[in-house]
Amino acid sequence: MLKIENLSKAYSKRSVLDDLSLQIQPGEIYGLLGANGAGKTTTINIICNLLQADSGKVTICDRPISASTKQLIGIAPQENLLYKTLSCQENLNFFTKLYGLTGKERQQQVKACLAAVNLSDRATTPVEKLSGGMQRRLNIAVALVHKPKLAILDEPTTGLDIEARYQMWELIKQLKQSGMTILLTTHLLDEAERLCDRIGILKAGKILAEGSLAQLRQRIPATEIVTIQTQEEEKAIALGNKCGFTYRRYGRDLAFWLPQQLELKEIIACFEGINLESIARTPVRLEHIYIEVTNK
Ligand SMILES: Nc1ncnc2c1ncn2[C@@H]1O[C@H](COP(=O)(O)OP(=O)(O)OP(=O)(O)O)[C@@H](O)[C@H]1O
């Protein structure tokens, strides 16, 4: 559906995208993860034909990116693209006109998009009277008015509270069920874990790792991760090493990769001789993989 091959882009002499390649299959949610400045927005702007790459190739539905492929893409940008004093319906009407929809099709699309984002009962409410979560959902409806093949959702839940975030996740899952292909950018690793079929980790304009969560998990040779709290960290690291556990710091937490499944008592036995204040077991999460891949 979307194919990016060897894309490079520099501003003045500063390289922002460095031989970037990725592919998105029809009907999947692809998560592009990266810190601030990694190059996510630059990539999106090139896909949307708003910015010219220095080299490389981008095709969507086998067509090279051009003014005419804009029709295939719906983008919900980081900053809501909405007219605050207009109602939900008026906003959508405006964008349907921009895309050249007329008559019955226009009315149908406005109605369908309001329903798709669960805002049918707010059709005549001005945007400024909607909650932040509702405005974010309307921003997505705007991206869908012209029935695009690919929806690009740029940090769709940034700034939302947890309830609004759950609603947005539900909406994104419904979009996928309706057959939409989605490119999602996010800083939130749990969001990517919940939603994405495949994930690409972007750093300094390069994809450092890519795959499903199960594929990415193979980057860490551990069955699970054990985090401990103790005043005797040096001793704990030495004892962990003796048992074949690799240690890592996640923030200030001291954690160990367990190469094989162990009973809790076997894990505790490894740290015999020191005072353990707490011990917690977690599966290998995207957070651990992200840190491993981006800190190399
Ligand atoms: N028009 C521009 N001129 C010069 N430098 C730019 C321009 N646009 C972006 N950059 C730089 O390119 C790099 C990548 O920016 P980009 O916005 O693509 O990153 P991002 O991954 O989207 O970050 P964020 O998560 O903060 O949105 C940054 O260092 C940024 O300062």
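Nothing fancy with the numbering, it's 1 onward along the sequence.
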Given the rule in the side chain to side chain donor-acceptor pair (under 3.5 Å) test, do His187 and Glu155 qualify, once you have shown the distances and angles that lead to the verdict?
-> CA-CA 7 Å; His187 296 291; Glu155 296 186 18; 2.9 Å; yes

Would you say that [X] contacts [Y] through its side chain, given a criterion of any heavy-atom pair below 4.5 Å between the two side chains?
X	Y	result
Leu138	Leu114	yes
Asn6	Ser21	yes
Lys149	Ile60	no
Arg165	Leu188	yes
Arg194	Tyr166	yes
Phe256	Ile267	no
Leu130	Arg122	yes
Met180	Leu144	yes

Is [X] reaching over with its side chain to a backbone N or O of [Y], donor-acceptor style, under 3.5 angstrom?
X	Y	value
Arg106	Thr96	no
Lys9	Gln52	yes
Lys3	Leu22	no
Gln215	Ser212	yes
Asn139	Leu82	no
Ser15	Ala10	no
Thr181	Gly27	yes
Asn91	Val142	no
Gln89	Thr124	no

If every non-hydrogen atom of [X] is compared with every non-hydrogen atom of [Y], which pair is closest and at what distance?
X	Y	answer
Pro148	Ile73	CB-C, 3.6 Å
Leu202	Gly39	CD2-C, 3.7 Å
Arg136	Asp154	NH2-O, 3.4 Å
Ala53	Ile46	CB-CD1, 3.9 Å
Ile65	Ile47	CD1-O, 3.1 Å
Lys40	Asn36	NZ-N, 4.4 Å

Go through the structure and list residues passing side-chain hydrogen bond (donor to acceptor under 3.5 Å, both in side chains) with Ser87, not counting sequence neighbours.
->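 For Ser87, the residues satisfying side-chain hydrogen bond (donor to acceptor under 3.5 Å, both in side chains) (neighbours in sequence not counted) are Glu90.
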
Given side-chain contact (heavy atoms from CB on, under 4.5 Å), test Gln25 with Asp197 step by step and report yes or no.
-> CA-CA 10 Å; Gln25 307 304 329; Asp197 299 302; over 6 Å; no

With rounding to the nearest 0.5 angstrom, report the [atom1] to [atom2] distance, [X] to [Y].
X	Y	atom1	atom2	result
Thr43	Ile207	OG1	CD1	7.5 Å
Leu171	Met168	CG	CE	6.0 Å
Leu81	Glu79	CG	CD	10.0 Å
Leu254	Arg252	CG	CZ	12.0 Å
Asp18	Ser8	CG	OG	5.5 Å
Leu213	Ile289	CG	CD1	5.5 Å

Does atom [atom1] ([X]) have a neighbourhood of more than 12 heavy atoms from anything else shown, all under 6.0 Å?
X	atom1	value
Lys147	NZ	no
Tyr83	OH	no
Asp62	CG	no

side-chain contact (heavy atoms from CB on, under 4.5 Å) with Ile182: which of Leu153, Leu150, Ile24?
->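 With Ile182 as partner, side-chain contact (heavy atoms from CB on, under 4.5 Å) holds for just one option, Leu153.
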
Option from Leu51, Leu32, Thr185, Leu50 for which side-chain contact (heavy atoms from CB on, under 4.5 Å) with Ile44 holds =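 Answer to the side-chain contact (heavy atoms from CB on, under 4.5 Å) test with Ile44 among Leu51, Leu32, Thr185, Leu50: Thr185.
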
Report whether [X] and [Y] are members of the same hydrophobic cluster (ILVMFWY, side-chain heavy atoms less than 4.5 Å apart, transitive linking).
X	Y	value
Ile268	Phe271	yes
Val293	Leu33	yes
Leu183	Leu208	no
Ile172	Ile199	no
Ile237	Ile291	no

Residues Arg198, Glu28: salt bridge by 4.0 Å N-O rule =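 Answer for the salt bridge query: yes.
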
Take Met134 and Cys88 through the side-chain contact (heavy atoms from CB on, under 4.5 Å) test and state the conclusion after the steps.
-> CA-CA 10 Å; Met134 288 174 182; Cys88 296; over 6 Å; no

Apply the test side-chain contact (heavy atoms from CB on, under 4.5 Å) to residues Ile225 and Tyr250: give CA-CA distance (whole Å), side-chain angles for both, the deciding distance (0.1 Å), then the verdict.
-> CA-CA 11 Å; Ile225 291 179; Tyr250 296 114; 4.1 Å; yes

Verdict with supporting geometry, Glu210 and Tyr30, side chain to side chain donor-acceptor pair (under 3.5 Å) = CA-CA 10 Å; Glu210 188 184 52; Tyr30 185 99; 2.6 Å; yes

Could you please spell out the steps behind the side-chain contact (heavy atoms from CB on, under 4.5 Å) verdict for Gln167 and Asn118?
-> CA-CA 9 Å; Gln167 287 172 0; Asn118 297 324; over 6 Å; no

Among pairs that include at least one residue of residues 270-286, which meet salt bridge (Lys or Arg N to Asp or Glu O under 4.0 Å), considering only residues two or more places apart or in two chains?
->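 Matches after skipping sequence neighbours: Glu193-Arg285, Glu224-Arg281.
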
Stepwise side chain to side chain donor-acceptor pair (under 3.5 Å) check, Glu191 with Thr186 | CA-CA 8 Å; Glu191 177 165 296; Thr186 182; 3.1 Å; yes

